[in-house]
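As the structure lists them, so they are numbered: ligands from 1, and atoms in each ligand from 1. The first residue of the sequence shown is numbered 1, and numbering continues consecutively from there. Only heavy atoms go into these numbers, but all of them, side chains included; no hydrogens, no water, no symmetry mates.
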Amino acid sequence: MSSGLAVLCLMLLHTGAQGFGILPGKSLNHLEITERAILNTVVQVCRELAQAEGTDFTVPAQPFTAEAVAVACGTPKSSKSFRQAIIFITLMNVRVDIRHALNASFHFDEEMFVQGRKIITEGILVVKASNKQENYESARQKLGEIFHPLQDFYSHSNWVEMGNTLPNSNLIRSDTSIGNIADESRATCRNCDGDDCRNNILEDIINERILTSGYFGIVPFVSTKPKGKCSHGGAVDQTSNIEPKGGINKDTFESSHGHLHTNAANMATAATSKLLEDIRGAAGDRPFLQMMGISKGSNKALCFVIDTTGSMTDDIATVKNVTSFIINSEVGTENEPSVYILVPFNDPDFGPLTKTKDPKLFKANIDSLSASGGGDEEELSLSGLQLALTSAPSNSEIFLFTDAPAKDKRLKSTVVALIERTQTVVNFMISDSSVSNRRRRSDDTQSNRIAASDAQLYRDLAQASGGQAIEVTKNELPTAVSIITDSSSSSLVTLLQAARSPGKADNFSFIVDETVITLTVYITGRSITFTLISPTGESQQSTDTTGSLITASQSVGNFITLRVKKQAGLWEMKMVSTNPYTLKVIGQSPIDFLFDFVEASQGPFQGFDALETRPRAGVNGSLLVSVTGSDSATVTEVTLVQSSGSEEIKGVVVPQESGNFLIQVDRIPAGEFGVRMKGQDNSVTSRASVVFQRQSSTNFRSSNLTISADSNSILVPGTPFSVPFSVMTYGMEGNYTIRATNNRRFNSTYPTSLFLEARNSTNGTVTLSAPLNTPSGTDITLTIEAEAPDGGDTNYVVLRFSVLNPVTDEEGSAAAVSFSTKVMQSPLLCLSIMVLGLCILTELDIQ
Ligand SMILES: *[C@@H]1O[C@H](CO)[C@@H](O)[C@H](O)[C@H]1NC(C)=O
Ligand SMILES: *[C@@H]1O[C@H](CO)[C@@H](O)[C@H](O)[C@H]1NC(C)=O
Ligand SMILES: *[C@@H]1O[C@H](CO)[C@@H](O)[C@H](O)[C@H]1NC(C)=O
Ligand SMILES: *[C@@H]1O[C@H](CO)[C@@H](O)[C@H](O)[C@H]1NC(C)=O
Ligand SMILES: *[C@@H]1O[C@H](CO)[C@@H](O)[C@H](O)[C@H]1NC(C)=O
Ligand SMILES: *[C@@H]1O[C@H](CO)[C@@H](O)[C@H](O)[C@H]1NC(C)=O
Ligand SMILES: *[C@@H]1O[C@H](CO)[C@@H](O)[C@H](O)[C@H]1NC(C)=O
Ligand SMILES: *[C@@H]1O[C@H](CO)[C@@H](O)[C@H](O)[C@H]1NC(C)=O
Ligand SMILES: *[C@@H]1O[C@H](CO)[C@@H](O)[C@H](O)[C@H]1NC(C)=O
């Protein structure tokens, strides 16, 4: 190793680190290390892409933010999805501390070097295979999980103490030696106390460059620490009270080896960037950026789920028309969908799902749809919808076209679970074939009108997702599809959403800020009158066609669309109807918000774990919220708003690092509720600060049940895959119905009923069998549900697993190994190029 280069690199690492604005005395945690590494790497990729494409690249000011980096990359519309990817990856990283606190392999404790590396290198294979299948969500999940041990290595081992100034590149490859690992019998530390703990690692260990790491245990007087081994250290670690006392971790400045915290954190950041570089090399630049939520165009999916039975011929023609329109008008613009998804369904079939980035191919897929067959009136609409929900990116909008009831109503709760977890908006375009009277299902000479109870299923699902259930005649459908072109805008935001069923008169208010354009109101329902009142007190009634507030309106079937004059301030909408109705106010704005329900860790480490379930009803709860589209905006208020009533529960806002806000509410409401955020931005215009309001599209529910399961492991086809889960109720005791559904139609076994005692958890296991030929990178979404004996309460856990297939992948993984060997042959060179890149950035920045 050239020591000159090493010194240079160290210096540059420091330069980079200082450039990122680390205040003295402020320790770096996994969240910040991960965020920094992602931002650095993405800047690097975008800069090189710009160079290759001969376009300009302006390095954003430091410290980098997702917002500024998305702008620098020429994809400002991606700032929300980029931010979301970073938050998701960091939450998956932090989860490792919560779920695997005491498993030494995940933290490189207890000299578990081989085991820790196995987690990382297997995970890298999963990430690469997932990217190849364009399963970016799975790639992000696994990335977060493997970043954790990778980063811990630098804090928990003696790598830094040995005088290393570069990351250990052997941790991200499986075919090399990690280093000289201490024998189990070899002593590595001496007793120490206070300051003299700086040098508690034995000299021969350092001099002979022998790798060791600290032991960790939380139970007093019980230790598995072999004689002479180092401890992790700190108040929680009980092994550090057993000789040799003291510890070696560098987690914070206050840690046993806190004086080396900055070195460890910087090296962890560099190692994280390096792993990302390896992933990028395998994926290619654009797919790598897409994994990070960055793409040209809108970063949205155009997603159709279409009934293809005989009576749907006209509807399919309409879909072809609207698809052509969107593709013709949006390809090449910032509203261009980044992925196109199509799922046909009828009976007894549904699928296959086609997912493509190529608009021409999508158009060809749509054009090749033809309506035929259809027996008994009911179709597998929810199966088709389930497939779309598990393949579309989070926060997508799906349009389902049908003229028939769902045959697979049993999937309703599963579909709701997927809607809640992915915050997907589902719009139902229900065309009633009896009204146009042109085509009928072959076996039905009577009216085909969907019965009220059947339509209610679609209305319920639409409402859960914040979408519309549009009920029109086939003649009216071409008019109703204007909602699809509205929704394709890349910066659509929801300002207000509410529903009343049964209908009743009610008054709603909403803030329109100066950044909002194309203010639009959607109403579904029949026989509704309303009065719209502007911030200046001007009003216009639904019957008034000459007023100045509503600049355009359209009414088709049960669906009313109003375009409203742009005027910032507090608007009011007074609704009058005795029929059920929904009201949604949307607009276009760069400013939006992201949120996750989280749960404070119960374990030895502090942190928040993202919920994969409904939050618990009636008790306190937390959300992690952030504003996207502006670095200067802050969250001022977050309220849980009853969806069909006026109850509101306001949370306490606690600012966190990296522009996140923790919201604590005293009580999660029992019924359906939405999340409303108010914020303030001081920089948008030269005028006074802007106050804005946004609301979630999704309506959430809480539950008296808790359910948990872990999705950390990797599924190997041909081997039964067990997913242990645990259910507990705070409600009634009895036999709870269990359902386990997966999106791949893999065989599974599970207990269909579990007896639950109040407040006593009961365990079950789902066993999945994947066919032998399932390719690596396939993702499986497993939904496990538990339903109360009276059907009144359901909770679920939605898990995502990735497949790694040693059989079908021999070729693929051999290629991957040879590729990574090529790239990694000169790890030092690779790193120095990367660091030099950062150095150049810093210089540019100074100019
Ligand atoms: C720790 O995690 C690894 C990797 O998932 C697993 O193989 C091992 O069994 C776990 N160890 C314990 C003690 O749970
Ligand atoms: C498709 O669009 C064309 C032109 O815009 C129109 O004439 C035709 O009626 C449309 N067809 C359907 C089924 O909407
Ligand atoms: C709505 O506002 C009107 C006054 O504009 C008032 O008479 C009515 O009671 C309000 N309705 C509700 C449900 O608050
Ligand atoms: C609810 O409050 C308790 C006691 O203050 C706290 O320990 C717990 O973390 C809170 N739960 C959530 C989800 O914030
Ligand atoms: C939870 O239990 C409480 C009473 O213990 C009940 O009022 C509430 O409706 C239940 N919530 C759900 C979602 O079942
Ligand atoms: C639950 O199911 C078991 C086995 O089917 C049955 O013996 C028991 O009576 C049931 N308990 C209740 C409360 O329904
Ligand atoms: C909880 O369930 C277990 C296993 O069924 C049982 O042994 C235990 O006594 C129960 N605990 C309580 C508090 O009911
Ligand atoms: C359920 O599983 C958890 C975690 O695997 C375990 O700790 C617990 O003892 C199990 N409970 C029962 C009643 O089997
Ligand atoms: C699923 O189960 C059926 C019936 O037991 C069996 O015939 C089929 O081969 C199984 N499929 C897979 C992929 O294991």
Side-chain angles (χ1 to χ4, degrees), residues 95-97 99-110 112-123 126 142 145-146 148-149 152 215-218 224 413 416 420 498 500 502-509 529-534 537 539-541 570-578 581 583 613-619 621 642-647 667-673 699-707 710-716 721-724 728-734 736 756 758-759 785-796 801-802 804:
R95 169 174 290 174
V96 175
D97 261 342
R99 301 254 177 113
H100 305 284
L102 300 179
N103 184 329
S105 307
F106 282 95
H107 311 282
F108 279 105
D109 290 329
E110 309 190 354
M112 293 282 186
F113 293 107
V114 173
Q115 297 83 342
R117 176 169 76 170
K118 183 157 181 281
I119 292 173
I120 296 171
T121 52
E122 264 187 6
V126 169
K142 199 41 99 181
E145 287 165 9
I146 64 178
H148 192 95
D152 272 356
Y215 276 69
F216 180 81
I218 56 169
T224 51
S413 59
V416 171
E420 289 179 11
R500 293 293 180 266
K504 67 179 184 100
D506 214 337
N507 303 336
F508 302 89
S509 64
T529 59
F530 57 82
T531 309
L532 184 63
I533 303 168
S534 79
S539 76
Q540 183 170 354
Q541 300 206 343
L570 186 66
W571 287 75
E572 230 190 315
M573 184 71 156
K574 297 180 192 288
M575 303 282 293
V576 181
S577 181
T578 50
Y581 62 85
L583 170 67
T613 69
R614 289 185 168 150
R616 209 182 125 197
V619 298
Q642 213 180 23
S643 307
S644 45
S646 44
E647 193 195 2
R667 183 169 55 83
I668 302 279
E672 245 183 294
F673 62 92
N699 289 305
F700 297 90
R701 271 174 252 204
S702 57
S703 173
N704 287 324
L705 283 161
T706 59
I707 177 162
D710 199 8
S711 60
N712 184 261
S713 37
I714 297 167
L715 192 153
V716 177
F721 181 73
S722 297
V723 184
M728 177 153 76
T729 179
Y730 293 91
M732 72 176 78
E733 163 174 317
Y736 281 65
L756 299 192
R759 294 172 181 266
E785 296 167 64
E787 185 181 309
D790 66 354
D793 189 7
T794 304
N795 206 344
Y796 56 75
F801 300 101
S802 304
L804 207 52

message = Once you restrict to heavy atoms under 4.0 Å, what part of Ala788 touches ligand 5? Side chain, backbone, both or neither.
response = neither

ask   = Out of curiosity, Ser703 OG to Ile668 CD1, how far, rounded to the nearest 0.5 Å?
value = 12.0 Å

inquiry  = Rounded to the nearest 0.5 Å, what separates atom CE in Met732 from atom CG in Asp790?
reply    = 3.5 Å

ask   = Do any nitrogen or oxygen atoms of Ser105 come within less than 3.5 Å of a nitrogen or oxygen of ligand 1?
value = no

ask   = Would you say the side-chain atoms of Asn795 pair up with the backbone N or O of Arg614, donor to acceptor, closer than 3.5 Å?
value = yes

Side-chain donor/acceptor of Tyr581 to backbone N/O of Lys504, under 3.5 Å = yes

remark   = ligand 5 atoms nearer than 4.0 angstrom to some heavy atom of Ser702 are 13 (C)

Please tabulate, one line per pair, the protein nitrogen or oxygen atoms found under 3.5 angstrom from a nitrogen or oxygen of ligand 3, with distances to 0.1 Å, or say none if there are no such pairs.
residue  : atom   : partner : partner atom : Å
ligand 3 : 2 (O)  : Asn507  : ND2          : 2.3
ligand 3 : 2 (O)  : Lys574  : NZ           : 3.0
ligand 3 : 5 (O)  : Lys574  : NZ           : 2.7
ligand 3 : 11 (N) : Asn507  : ND2          : 2.9
ligand 3 : 14 (O) : Asn507  : ND2          : 3.4

Should [X] and [Y] count as side-chain neighbours, where that means a heavy-atom distance under 4.5 Å?
X: His107; Y: Phe216; value: no
X: Thr613; Y: Thr706; value: no
X: Leu583; Y: Phe530; value: no

inquiry  = Suppose we screen for ring pair (Phe, Tyr, Trp, His ring centres under 6.0 Å). Which residues come up paired with Phe673, at least two apart in sequence or across chains?
reply    = none

Min N/O separation Asn704 to ligand 5 under 3.5 Å = yes

